[in-house]
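Below, read A as the first sequence line, B as the second, and so on, with proteins coming before strands; counting in each chain starts at 1.
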Amino acid sequence: MPPSQPIVLVTCLGLVWAGLGITDWAYRFARFRWHETLVPAWDRGEGGLRDVTVELPLRRGGDLSRLLGPAGDPFAEDRPPGSLHWDARGNLNRPRPEARSPAVVVAGDSFMRYGVSHDHTLAAALEDRLGVPVRNVARAGEGPLASAYRFLRSPDAAPALLVFGFVERQIPDGFRAGPRIGGHALAPAALGAVLPETSVWTWFGRAQWARVGRRLDPSSDAEAIEGRPGFPEGPMLFLAQTVRALEPSVDPRDLDLVARQIARLAEACARRDIRMLVLLIPDKARVYPHQVLAEGAALAPSALDGLEIRLRERKVETMNLLPAFQALAEQGERLYWRDDTHWNDRGIAHAADRIQSLLVSP
Amino acid sequence: MLFNSYEFLFLFLPIFGLGYLLLRRSSALPLWLVAASYLFYGWWDWRFCGLLAASTAVDFLTGREAGRPGASPRRRRTAVVISCVSNLGLLGFFKYFDLAAATVNRVAAWTGADHPLLPLLGITLPVGISFYTFQSMSYTIDIYLGAARPARRFRDFAAYVALFPQLVAGPIVRYRELADQLHTRTHSWAKAALGMNFLVLGLAKKVVLADAAATLVPLAFGPDASGALAAWTGLVAYSVQIYFDFSGYSDMAVGLGLLIGFQFPQNFDSPYRAVSITDFWRRWHMSLSAWLRDYLYIPLGGNRKGPGRTYVNLFLTMLLGGLWHGAQWTFVVWGGIHGLLLAAERRMGRRGLLAAAPKPVQIAATFLLVTLAWVPFRADSMSHALAIFASLFGADGWGALPAGPWFAVPLLALALGLTWACPNTWRIRWTFPWWYALLLAALFGFCVLVILVNTSSPFLYFQF
C-alpha cells in the first residue's frame with residue numbers, strides 16, 4: 001500500500017468530521033445562544049435577562065404548513081398582528097409590574113404556553129375571565145413537569161391555584177426524564193436531548209429526509225398529513241408523528257408512571273398550600289380522527305381517559321378536555337389551527353370557560 | 001454514551017482526541033484513558049462508576065495475591081475465589097436478583113403461599129456489567145492459571161478494565177491480549193486509516209442497516225402482528241438487526257481501538273454463513289464463545305470425560321451463556337436450544353442430516369435454525385414466543401404482504417445480500433484509494449444525518 005493512501009483517508013474523513021462539528025457548534029452558539037444555558041434556567045429570560053417585547057405583523061402559516069414547504073400554502077392561516085412579551089424569567093406574559101403576585105399560575109408544555117400573542121394564551125384568557133392576575137410559566141420542548149417544578153423552586157409567592165396541563169402526545173415520553181431544571185442543563189440527559197435539537201445538521205437532515213420521503217412514498221413518511229376535504233372550514237394538517245403515536249395503546253405501566261409523577265407534583269403543591277388542577281388536552285388527531293384516518297381505521301383508546309381515572313384515584317383534581325372537545329368537534333367547531341399542531345383561540349377559550357366554571361362552582 | 005450519539009461523535013471524541021494527542025508521549029496517558037473512560041461510562045449514571053471502580057480494585061488486589069511469588073497455593077486459591085465471588089455476586093445482585101425473587105414467589109404461590117416471600121427491588125441494571133465483570137474476573141483466573149502476569153501499575157489495569165471502546169459491549173478482551181499494548185503500542189497513519197474505516201463501516205452497519213431492519217421487527221414481535229408472511233419478515237429482520245447492530249458496534253470498538261493504537265480481537269466472522277450450529281458459534285460473538293469455552297466448558301470437563309458428559313457440558317455452557325444475556329427465562333430457553341443443537345451435532349458428527357448436502361443448503365438450514373432460535377431470545381415471555389411460533393407456521397393465516405417504511409425492505413435485502421455475498425470487514429485486504437476515501441467520508445456524513453434525523457437508538461447488546 002503506498003504510504004500516501006492512509007493519509008488521504010484520514011485527512012478526508014478528518015475534514016468532514018471537523019467541518020460538520022465546527023459548523024454545528026458555531027451555529028449552536030450563534031443561533032441558539034447555547035452559552036445561555038450556563039445561566040440557571042429559572043432565572044433566565046428567553047430574550048436575555050430582561051423583559052423583551054416583540055411586535056409581530058400579520059403573518060401566515062404554522063408549524064405544520066412550514067413542514068410541507070410550498071405544499072402547505074393552501075392550509076396556511078393568517079395570524080393577526082400582535083405583541084409577544086417575554087418577561088424577565090423568559091415566560092410569555094402580558095407586561096405587568098413584577099411585584100404583582102399572581103393568583104393563578106399556568107404551567108406545562110407548549111399547549112399551555114401557546115398564543116399568537118401574549119393576549120391570546122390560556123393564561124390571558126383565564127385572567128380575562130377570573131379578573132385576577134394569572135402568570136404563564138409554561139415552556140415548550142422541555143417536558144411538561146419542568147416549568148411547574150421551576151416555578152415551585154423559585155422564590156416567588158405561592159399562588160392560590162396552579163393549572164398544570166399537557167397534550168396527550170406527551171404521554172409517556174414527556175414524563176420519562178422527570179423534571180429537568182436549573183443547573184441540570186449541562187447534565188448528560190439534558191445535553192443528549194438539546195444537542196441534536198440545536199444542530200443545524202438535524203434541521204438540514206430532517207428537511208431532506210422529508211423531501212425524499214414525499215417523493216418516494218407520499219403517504220407513508222411525510223411529516224405532516226393532509227386531512228380529508230369536507231370539513232366546514234376546509235381540511236386541516238396533522239403531524240404524522242402524533243398520528244402514529246396515537247395508533248397503539250399506551251402501556252398501562254406507562255400511565256401509572258405518569259400518574260405517579262403528577263401525584264408527586266400535586267404533593268409538592270400541597271406542601272406550599274397551592275391547589276393544583278391538572279388539565280388533560282387531547283391532540284388534534286384525537287378530536288378529528290375522521291379527518292386523518294383511513295376508512296375503517298381507528299386510534300387506540302385515549303390515554304387521557306386512563307390517566308384521568310388514575311389521577312382521580314390518587315385524589316388529584318383533574319379536568320379532561322377530551323369529551324367536551326369531541327362534542328364540539330361533532331358540531332363542526334374547529335378548536336385547532338388548520339396549519340399548526342396547537343389549539344386556536346376558540347380551543348383556548350373553551351378550555352378557559354371550563355376552568356372558570358369549575359372554579360366558580362360550589 | 002452511545003457511539004452513535006451526537007454527544008459521543010461531536011463532544012466526547014474531539015475532547016478525548018485532543019487530550020490524547022497532547023498526552024501521547026506523557027506518562028499520564030493511561031490516566032487520561034481512565035478519566036475519559038469513566039466519563040464515557042458515567043454519562044449513563046455516574047453512580048455506576050463506583051461499581052466499575054470496585055470491581056477493578058478487587059481484581060487488581062486479588063490478581064496481585066494470585067500472582068505473588070512464593071504465595072501458598074491456598075492463598076492464591078483464596079484470591080481467585082474472592083475475585084469470582086465478588087464479580088459474580090455483583091452480577092448476580094444487579095442482574096438476577098429480581099428474576100430469582102420473582103421465581104421464588106411464583107413457586108411459593110403454586111405451593112399455596114398467600115403473599116410474596118421476597119420483595120422485587122426493581123434494580124437498574126448497570127450498563128455493560130456483564131462484560132466488564134467477566135473481563136475483570138478472567139484477569140485473576142489467568143494469573144492463577146499462570147496464563148498472565150499481574151499488572152504492575154493500578155492505572156494500567158484500570159485502563160484495561162474501563163477502556164471505553166470495548167467497555168460496555170465487548171469484544172471481551174483478556175488482559176494478556178492487551179497487557180503489552182497498554183504501555184507499548186504503536187500509532188501510524190495506516191492504523192488510523194484502518195481504524196477510521198472500521199469506525200465508519202460499523203456506524204453505517206448500525207444506523208443504516210440495523211436500524212432500518214428494526215422498523216420491520218414489530219411485524220413479528222409487535223402487539224398487532226398477524227399472518228405468517230408478516231411474522232417471517234419481522235423475524236428475518238430481527239436476525240439482520242441483531243447481527244448488524246452488534247457486529248457494527250464491534251467494528252466501531254475495533255476502529256476506535258486502532259485509532260488509539262490498540263488491536264482488539266475479531267468478534268464476528270460472517271456468522272450467517274456458518275454451515276452448522278457448531279460453526280455458527282465459532283463465528284458469532286467470538287470473544288464470548290472463547291470466554292465460555294475457557295472458563296466454563298473446559299473447567300466443567302470439556303470433552304475429556306466421555307461423550308455423555310461432553311453433551312451435558314455443551315448444554316450447560318450454552319444454558320448459562322443464555323442466562324448471561326439477560327435475567328429472563330426466555331434467554332435460558334434460547335441458550336438451551338443452542339445447547340441441544342450443539343450436543344446433537346456433536347453426537348451425529350459427520351453423519352449429520354445435512355452433512356452431504358451442498359454448502360448453500362447447509363448455510364440456509366443453519367440460518368433458519370438460528371433465526372427460529374431468535375424467537376425466544378427476542379420475545380417478552382414464553383407465551384409470547386409460542387404465539388410467534390404459531391403465527392410463523394400459519395396459525396393466523398398467511399396474511400397480507402407486510403408494509404413498512406419505504407426504505408426498510410430494500411435495506412433489508414441489501415443487508416442480506418451483504419451478509420451472504422460479500423466478505424466481512426475483517427476478510428477484506430483494505431487499500432484506500434482516493435475515491436474510497438471520498439466515498440467513506442460521504443458515508444460518514446450520511447450516517448451523521450441519519451443519526452440526527454432518527455435520534456440515536458441504543459445498541460441491543462447494551463442491555464445484556
Rounded at 0.5 Å granularity, tell me how far [atom1] in [X] sits from [atom2] in [Y].
X      : Y      : atom1 : atom2 : value
B:L11  : A:D24  : CG    : CG    : 11.5 Å
B:L440 : A:C12  : CG    : SG    : 9.0 Å
A:T11  : B:W189 : OG1   : CH2   : 5.5 Å
A:W17  : B:L9   : CH2   : CG    : 8.5 Å

Where [X] and [Y] come nearest, the two heavy atoms and their spacing:
X      : Y      : value
B:T431 : A:Q5   : CB-OE1, 4.1 Å
A:L13  : B:A441 : CD2-CA, 4.0 Å
A:W25  : B:Y6   : NE1-OH, 4.1 Å

Options B:G195, B:A437, B:S188, ranked by heavy-atom pairs under 4.5 Å with chain A, top entry =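 Of the options given, most contacts go to B:A437.
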ask   = Just wondering, more than 12 heavy atoms not from B:F446 lying within 6.0 Å of its CZ?
value =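 Not more than 12 within 6.0 Å, no.
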remark   = Partner of B:V448 under side-chain contact (heavy atoms from CB on, under 4.5 Å), picked from A:L20, A:T202, A:V16, is A:L20
ask   = B:L194 versus chain A, heavy atoms under 4.5 Å apart: side chain, backbone, both or neither?
value = neither
